[in-house]
Amino acid sequence: MGRRGGVERRRVIFIGVEGKSDRAFVRFLQRVCDEAGLHLHLDVKSATGGDSLQVVDYARRRLVRHPDRRSLAARLVLLDSDRIEEDRRAGRDALAEASRRRLDVVLMTPNLEGLLVRLHEGRETHGIGAGDAQDQLQRLWPEYDKGSLSADQLIRRFTLADVTRAARHDPQLRTLLDALGL
């Protein structure tokens with residue numbers, strides 16, 4: 001790693017996401033990485049909504065303007081798996097576009113709320129439908145509010161142990177943690 005003024009540069013990982021809740025999850029992961037002593041920066045860019053292809057396109061546009069794009073350690077985009085097939089049927093293949101743009105896709109199954117359910121101890125292997133994910137999460141976490149989710153709330157609720165335990169049963173989450181070095 002290069003040095004600038006005697007300080008080792010952090011590895012930069014670009015992560016494109018759909019909205020505020022996903023951005024909060026990445027910021028939570030940044031705090032987990034910091035606590036684990038990893039010297040990296042998660043550069044999260046939020047598309048503020050849209051379908052999967054719009055999220056990929058937004059990430060691509062942000063990468064073109066990224067000052068360190070050639071030295072990025074990874075280029076990721078987090079997408080909800082429940083939207084992928086619907087988007088494909090509509091002729092909008094986010095996975096193919098991400099591949100063309102050299103973005104690695106990490107699918108949250110079926111969505112962020114489903115992933116958060118599986119971070120709760122004893123729920124790691126819990127199969128959950130997209131339509132039920134938010135209701136199940138709110139039963140486990142009554143204070144959960146998608147519109148105001150923050151990294152602080154996530155860090156108070158979950159730990160690295162919760163994430164790694166869930167990743168043993170979720171290859172996509174494992175891929176994300178591997179990219180981060182966790």
Can you measure from CZ (Arg139) to NE2 (His120) and round to the nearest 0.5 angstrom? 12.5 Å
Testing the basics here: between Val55 and Gly50, what is the closest heavy-atom pair and its distance to 0.1 Å? CG2-O, 4.3 Å
Using the rule that two of Ile, Leu, Val, Met, Phe, Trp, Tyr join whenever any of their side-chain heavy atoms come within less than 4.5 Å, decide whether Phe28 and Val26 are in one cluster. yes
CA sep, side-chain torsions, deciding dist, call: Leu29, Val44, side-chain contact (heavy atoms from CB on, under 4.5 Å): CA-CA 11 Å; Leu29 290 174; Val44 60; over 6 Å; no
Could you pull out all residues at least two apart from Asp170 that satisfy side-chain hydrogen bond (donor to acceptor under 3.5 Å, both in side chains)? Arg118
Who passes side-chain hydrogen bond (donor to acceptor under 3.5 Å, both in side chains) against Lys146, sequence neighbours left out? Glu113
Not counting sequence neighbours, which residues clear salt bridge (charged side-chain N to carboxylate O under 4.0 Å, His left out) with Asp93? List them please. Arg88
Considering only NZ, NE, NH1 and NH2 on the basic side and carboxylate oxygens on the acidic side, decide whether Asp162 and Arg165 come within less than 4.0 Å. yes
Give, for atom CG of Leu76 and atom OG1 of Thr175, the distance between the pair rounded to the nearest 0.5 Å. 9.5 Å
Looking only at atom types and distance, does a side-chain atom of Glu35 sit under 3.5 Å from a main-chain N or O of Val32, one as donor and one as acceptor? no
How close do Leu53 and Ala94 get, counting heavy atoms only, and between which atoms? N-CB, 3.7 Å
N/O donor-acceptor pair under 3.5 Å between Asp87 side chain and Ile84 backbone: no
Smallest heavy-atom separation, Ala166 atom then Leu119 atom, equals CB-CD2, 3.7 Å
Group every Ile, Leu, Val, Met, Phe, Trp and Tyr by side-chain heavy-atom contacts under 4.5 Å, then state whether Ile13 and Val106 land in the same group. yes
Hey, are the side chains of Ile128 and Pro110 touching, using non-hydrogen atoms and a 4.5 Å cut-off? yes
Looking at every heavy atom in both Ala59 and Leu103, which two are closest together, and how far apart are they? CB-CD1, 4.2 Å
Could you check whether Arg31 pairs with Asp152 (Lys NZ or Arg NE/NH1/NH2 to Asp/Glu carboxylate O, under 4.0 Å)? yes
Working to the nearest 0.5 angstrom, can you tell me the gap between Tyr144 OH and Gln153 CD? 9.5 Å
Suppose we screen for side chain to side chain contact (heavy atoms under 4.5 Å, CB included). Which residues come up paired with Thr164, at least two apart in sequence or across chains? Leu160, Leu177
Shortest non-hydrogen separation from Val117 to Ala133 and the atoms involved: CG2-O, 3.9 Å
Run Leu180 and Leu42 through side-chain contact (heavy atoms from CB on, under 4.5 Å) and show every step you take. CA-CA 9 Å; Leu180 302 179; Leu42 304 183; 3.4 Å; yes
Taking Leu38 as the starting point, is it possible to reach Phe158 by hopping between hydrophobic residues whose side chains are less than 4.5 Å apart? yes
Once side-chain hydrogen bond (donor to acceptor under 3.5 Å, both in side chains) is applied, do any residues pair with Arg60, and if so which ones, sequence neighbours excluded? Asp57
Main-chain N/O of Leu149 paired to Lys20 side chain as donor or acceptor, under 3.5 Å: no
Give the minimum heavy-atom separation between Leu173 and Ala167, together with the two atoms involved. CD2-N, 3.7 Å
Quick check: is Phe14 connected to Leu78 through a chain of hydrophobic side chains (ILVMFWY, heavy atoms under 4.5 Å apart)? no
Who passes salt bridge (charged side-chain N to carboxylate O under 4.0 Å, His left out) against Glu97, sequence neighbours left out? Arg100, Arg101
Value rounded to 0.5 Å, distance of CE in Met108 from CG in Asp22: 4.0 Å
CD on Glu18 to OG1 on Thr48, rounded to 0.5 Å: 9.5 Å
Side-chain heavy atoms nearer than 4.5 Å, only ILVMFWY residues, links allowed to pass through others: does that put Leu40 and Phe25 together? yes
Point-to-point distance, once rounded to the nearest 0.5 Å, from CG of Asp43 to CZ of Arg75: 11.5 Å
